[in-house]
Amino acid sequence: MVKRQVPRPAELLELMRFKKFDLDPRRRRLSSALSIDDLRTIAKHRTPAAAFDYTDGAAEREISMARSVEAFEDVEFHPSILHDVSQVDTTTQILGGSSAQPFGIAPTGFTRLMQTEGEIAGAGAAGAAGIPFTLSTLGTTSIEDVKAENPLGRNWFQLYVMKQREISYGLVERAAQAGYDTLFFTVDTPVAGARLRDARNGFSIPPQLSLSTVVNAIPRPWWWWDFLTTAKLEFASLSATGGTVGELLNSAMDPSIDYEDLAQIREMWPGKFAVKGVQTLEDAKKLADLGVDAIVLSNHGGRQLDRAPVPFHLLPEVAREVGQDLEIILDTGIRSGADIVASIALGADFTMVGRAYLYGLMAGGREGVDRMIQILSEEVERTMKLLQVSSLSDLTPKHVTQLSRYTRIGEGARIR
């Protein structure tokens with residue numbers, strides 16, 4: 001028989017310790033976020049549909065984005081045993097400098113429309129965390145203001161080559177003068193991808209209002225208050241601001257850019273030079289032969305060509321072939337620190353996060369970006385400890401198997 005007794009009041013009080021209620025609603029909701037998916041849920045609740053869908057959506061049927069996320073879900077880890085991981089080192093060297101974590105913030109456009117603090121929140125959070133921040137040509141904060149917010153940190157600039165070449169040349173000169181250490185020459189945007197969510201929502205700068213957008217905004221008055229009481233939303237680096245995403249890209253971008261443009265921009269740039277949007281081994285080899293400092297394996301987050309290659313699937317082969325000749329950065333599909341660890345194990349030197357950053361921004365401004373970085377950093381460290389590796393250099397392909405729900409049956413063809 002189990003012996004029972006009447007609990008004493010002191011024992012009951014010890015078991016009933018209530019969590020102290022935080023009066024700050026922003027801090028309260030961010031502390032409840034334990035993953036990037038949690039931040040996404042909060043962001044969706046707090047942001048009008050058009051702005052949220054711009055971040056969350058991709059091109060056409062969104063197959064590229066879905067496959068890129070699935071690729072990380074289909075990872076199998078192989079932990080070692082009996083290794084001392086009481087101390088784990090997550091620092092790394094990339095593009096001539098250090099980063100406290102093996103990830104940085106990717107370039108994003110229209111950022112202040114997501115949440116009014118925009119790039120200032122991203123650059124400040126990145127600087128505080130000791131990781132790089134990348135400003136987009138389509139950013140809504142100027143090159144100089146980002147530098148002022150992150151004066152001692154690492155600032156990178158992502159360049160679109162436009163029909164009016166003098167605009168692109170001017171941006172290169174401004175970024176160099178402001179002390180940005182790396183230029184990302186972007187090659188996957190000759191024209192805009194068909195982002196159907198944006199078209200259906202009438203997403204544009206300035207926002208286009210309809211009955212549905214007004215109704216959707218009613219339960220989100222804080223977003224409109226921020227939007228209407230802060231500086232006018234416009235591109236900080238471009239004079240043209242009116243129109244949908246597709247119209248703006250198609251009016252500004254030049255589908256005729258080629259290797260001569262790459263050479264000319266590279267000649268102008270004094271710092272490290274990376275090419276963003278590489279999607280084949282052949283192009284990676286050609287860029288290695290040209291001596292660029294780094295490539296970014298990316299399908300633009302699935303926002304350009306739907307059914308594009310999955311960067312994470314390309315990574316092992318590209319790392320084997322050109323990893324000794326240039327640095328390899330991976331983006332697209334990363335939603336956790338485990339995704340980052342898997343990327344490093346399979347040969348990436350560094351990774352970048354875009355949607356995760358914007359989910360944090362929409363969830364809570366600068367504090368939300370801080371929380372996003374904290375979540376990913378903790379996941380990176382925990383995954384490394386569970387794999388029983390104490391530094392990023394200890395991660396190798398033996399720690400990861402890429403399971404695949406696709407089977408290649410011919411050049412360019414896969415079936416489920």
Side-chain angles (χ1 to χ4, degrees), residues 1-47 52 56 69-90 100-103 125 128-129 219-222 333-342 344-345 353 355-357 359-392 394-395 398-401 403 405:
M1 294 291 293
V2 176
K3 184 179 179 181
R4 299 185 184 276
Q5 63 183 28
V6 177
R8 290 177 294 179
E11 292 174 337
L12 287 175
L13 288 174
E14 187 175 340
L15 294 172
M16 297 172 62
R17 293 179 179 175
F18 292 100
K19 182 180 179 182
K20 184 179 179 181
F21 183 76
D22 193 332
L23 296 176
D24 185 326
R26 177 180 291 196
R27 193 163 57 233
R28 192 166 63 245
R29 66 173 177 268
L30 291 176
S31 65
S32 72
L34 304 180
S35 67
I36 300 304
D37 284 342
D38 289 344
L39 288 176
R40 179 185 179 276
T41 299
I42 297 170
K44 187 173 184 178
H45 171 71
R46 297 192 57 80
T47 312
F52 178 80
D56 198 57
V69 174
E70 286 174 350
F72 287 108
E73 294 174 350
D74 293 342
V75 160
E76 180 179 85
F77 283 120
H78 307 292
S80 303
I81 62 171
L82 298 176
H83 293 279
D84 181 0
V85 287
S86 55
Q87 299 294 324
V88 168
D89 183 7
T90 63
Q101 294 288 334
F103 66 90
R220 299 168 177 84
W222 49 81
I334 293 172
R335 298 290 187 275
S336 75
D339 300 344
I340 294 167
V341 170
I344 301 300
V353 295
R355 285 186 178 88
Y357 151 53
Y359 294 148
L361 179 68
M362 289 186 285
R366 163 63 191 272
E367 293 173 60
V369 183
D370 288 334
R371 181 62 179 146
M372 178 277 299
I373 294 172
Q374 181 184 21
I375 288 170
L376 289 180
S377 299
E378 289 175 352
E379 289 174 341
V380 166
E381 181 173 342
R382 182 169 59 250
T383 303
M384 290 175 64
K385 286 185 174 181
L386 290 171
L387 285 173
Q388 299 200 32
V389 296
S390 58
S391 70
L392 296 173
D394 292 334
L395 289 166
K398 73 179 183 180
H399 291 106
V400 176
T401 295
L403 307 177
R405 63 191 78 189

Pair Asp38, Thr41: side-chain N/O donor-acceptor within cut-off below 3.5 Å: no

Report the C-alpha separation of Ser80 and His399 in whole Å, then their side-chain angles, then the decisive distance to 0.1 Å, and conclude whether the side-chain contact (heavy atoms from CB on, under 4.5 Å) test is met. CA-CA 8 Å; Ser80 303; His399 291 106; 3.8 Å; yes

In terms of side-chain geometry, is the basic nitrogen of Arg371 or Glu367 positioned less than 4.0 Å from the acidic oxygen of its partner? no

Do you know the tightest heavy-atom contact between Val88 and Val389? CG2-O, 4.0 Å

With side-chain contact (heavy atoms from CB on, under 4.5 Å) as the criterion, how do Arg46 and Trp222 come out once you've worked through the C-alpha distance, each side chain's angles and the decisive distance to 0.1 Å? CA-CA 8 Å; Arg46 297 192 57 80; Trp222 49 81; 3.3 Å; yes

Identify the two heavy atoms, one from Ala338 and one from Phe77, that lie closest to each other, and give their separation to 0.1 Å. O-CZ, 3.5 Å

Distance-only, no hydrogens or angles: does the Gln388 side chain make a donor-acceptor pair with backbone N or O of His83 under 3.5 Å? yes

For Thr401, side-chain hydrogen bond (donor to acceptor under 3.5 Å, both in side chains) partners two or more places apart: His78

Using a 6.0 Å cut-off, check whether atom CD of Gln87 has over 12 heavy atoms from anything other than its own residue. no

First locate atom CD1 of Ile42, then atom OG1 of Thr47, and finally report the distance between them rounded to the nearest 0.5 Å. 10.5 Å

Less than 4.5 Å apart, side chain to side chain, heavy atoms only: is that true for Leu387 and Leu395? yes

Side-chain heavy-atom pair Val353, Met372 within 4.5 angstrom cut-off: yes

Separation between CZ of Arg29 and NE2 of His45, rounded to the nearest 0.5 Å: 8.5 Å

Nearest 0.5 Å, please: how far is CG in Leu30 from CG in Leu39? 7.0 Å

Is the count of non-hydrogen atoms from other residues, nucleotides or ligands lying under 6.0 Å from Lys44 atom NZ greater than 12? no

Do Glu379 and Ser336 get their side chains close enough for a donor-acceptor pair, meaning under 3.5 Å? no

Between Arg40 and Asp56 (salt bridge meaning N to carboxylate O under 4.0 Å), is one present in this structure? yes

Pair Arg28 + Asp24, salt bridge at N-O below 4.0 Å: no

Does the side chain of Pro102 reach to within under 4.5 Å of the side chain of Leu392, using non-hydrogen atoms? yes

Tell me, do Phe52 and Met362 make a side-chain contact under 4.5 Å, heavy atoms counted? yes

Looking at CD1 of Ile373 and CD of Glu378, how far apart are the two atoms once the value is rounded to the nearest 0.5 Å? 12.0 Å

Could you tell me if Asp37 and Ser35 have a donor-acceptor pair between their side chains, going purely by distance under 3.5 Å? no

Distance col, row Ser377:OG vs Arg382:CZ, nearest 0.5 angstrom, shows 11.5 Å

Looking at Val75 and Val400, what are the two nearest heavy atoms and their distance? CG1-CG1, 3.9 Å

The reported gap from CZ in Phe103 to OH in Tyr357 (rounded to nearest 0.5 angstrom) is 13.5 Å

Pick out which of Val341, Ile340, Asp89, Ile344 makes a side-chain contact (heavy atoms from CB on, under 4.5 Å) with Met384. Val341

Side-chain (Thr90) to main-chain (Ala100) donor-acceptor, under 3.5 angstrom: yes

Minimal non-hydrogen separation, Asp370 against Ala125, with atom names: OD1-CB, 3.2 Å

